[in-house]
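Here is the structure we will look at, set down as structure tokens.
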Amino acid sequence: MDLAYENNSTTTEQNIEKKVFSYIGLAAKAGRLSSGEFMTEKAVKEGKAKLVLVSAEASDNTKKMFTNMCTYYKVPIYFFGDKTKLGHAIGKEFRASLVLLDKGLADMVEKQLNMLKIDSSGESSES
């Protein structure tokens with residue numbers, strides 16, 4: 001019984017990840033996303049950022065910089081995916097950071113990421 005539950009949980013996590021990457025791709029096609037360290041930083045500082053995504057593979061220095069900046073500017077930040085997958089979702093080679101500029105898309109991505117956290121830890125955890 002536990003094995004069946006574990007397989008179902010893995011499938012659910014994969015579906016959530018697919019949805020997140022789909023929303024990221026949609027935002028890129030709509031022109032409501034910026035990527036790369038410089039453009040992400042610029043969007044946050046200009047107040048245009050609605051949600052920041054940083055690759056889980058990003059360096060500790062990059063994670064710390066974005067965490068501090070997003071905390072100061074009160075922008076939600078999540079560490080999600082690897083550089084290659086984030087890049088491919090937006091039609092680029094690889095990206096360590098990206099920012100969603102549309103509130104509606106940001107809310108949908110954040111909802112999916114929160115579901116992923118709940119599934120993986122068993123309880124909700126805010127960033």
Side-chain angles (χ1 to χ4, degrees):
M1 186 71 175
D2 289 338
L3 183 60
Y5 175 75
E6 197 170 300
N7 286 340
N8 189 24
S9 177
T10 303
T11 304
T12 303
E13 286 179 20
Q14 289 173 342
N15 287 342
I16 291 171
E17 284 183 16
K18 283 181 184 178
K19 281 185 181 180
V20 170
F21 288 125
S22 294
Y23 288 141
I24 292 170
L26 184 64
K29 288 179 183 173
R32 304 300 297 153
L33 176 143
S34 291
S35 65
E37 223 173 284
F38 176 76
M39 293 302 291
T40 301
E41 184 177 347
K42 183 179 174 192
V44 171
K45 288 182 177 179
E46 289 177 352
K48 295 179 182 177
K50 305 302 180 211
L51 176 72
V52 172
L53 289 175
V54 178
S55 168
E57 292 179 337
S59 70
D60 291 338
N61 196 25
T62 299
K63 288 179 182 178
K64 184 179 187 308
M65 180 194 73
F66 280 115
T67 300
N68 292 342
M69 185 176 22
C70 289
T71 301
Y72 180 79
Y73 288 97
K74 295 178 176 64
V75 176
I77 182 171
Y78 287 88
F79 301 99
F80 173 77
D82 59 47
K83 292 178 183 182
T84 307
K85 286 183 180 178
L86 283 176
H88 281 259
I90 62 171
K92 308 276 185 191
E93 193 171 334
F94 60 89
R95 288 291 184 266
S97 63
L98 51 88
V99 59
L100 292 167
L101 306 172
D102 182 80
K103 181 69 174 149
L105 285 168
D107 288 345
M108 290 189 293
V109 169
E110 192 168 12
K111 179 181 173 186
Q112 294 299 319
L113 290 170
N114 285 332
M115 286 174 53
L116 189 63
K117 284 184 178 183
I118 291 167
D119 283 353
S120 62
S121 67
E123 59 184 55
S124 177
S125 60
E126 290 293 316
S127 63

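There is no path of hydrophobic side-chain contacts, each under 4.5 Å, that joins M39 to L101. Each of M65 and F38 belongs to its own hydrophobic cluster when Ile, Leu, Val, Met, Phe, Trp and Tyr are linked at side-chain heavy-atom distances under 4.5 angstrom.
Taking each heavy atom of V52 and C70 in turn, the nearest pair found is CG2-SG, 3.6 Å. Nearest heavy atoms, L86 versus A96: CD1-O, 4.4 Å. What you find for L113 and V20 is that their closest heavy atoms are CD2-CG2, 4.0 Å. Between S35 and R95, the shortest heavy-atom distance links the atoms OG-NE, 3.0 Å. The shortest non-hydrogen separation linking G81 to F21 is CA-CZ, 4.4 Å. Nearest heavy-atom pair, T71 versus T67, reported as atom, atom and distance to 0.1 Å: OG1-O, 2.7 Å.
Atom CD in E46 sits 11.0 Å away from atom CD in E41 (nearest 0.5 Å). Rounded to the nearest 0.5 Å, atoms CD1 (I24) and NE2 (H88) are 13.5 Å apart. From L100, atom CG reaches atom CG of L53 across 5.5 Å, with rounding to the nearest 0.5 Å. Rounded to the nearest 0.5 angstrom, L51 CG and L98 CG are separated by 8.5 Å. Here the CE-CD distance, from M115 to Q112, works out to 5.0 Å after rounding to the nearest 0.5 Å. In this structure, the separation between CD on E17 and OG on S22 is 11.5 Å, given to the nearest 0.5 Å.
Looking at K48 and K42, their side chains never come closer than 4.5 Å, going by heavy atoms from C-beta outward.
Counted by atom type alone, Y23 and D107 present zero donor-acceptor pairs between their side chains at under 3.5 Å.
Between the side chain of K50 and the backbone N or O of P76 there is no donor-acceptor pair closer than 3.5 Å.
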Item to check | Chi angles and distances behind the side chain to side chain contact (heavy atoms under 4.5 Å, CB included) call for N114, Y78 | outcome: CA-CA 10 Å; N114 285 332; Y78 287 88; 3.0 Å; yes
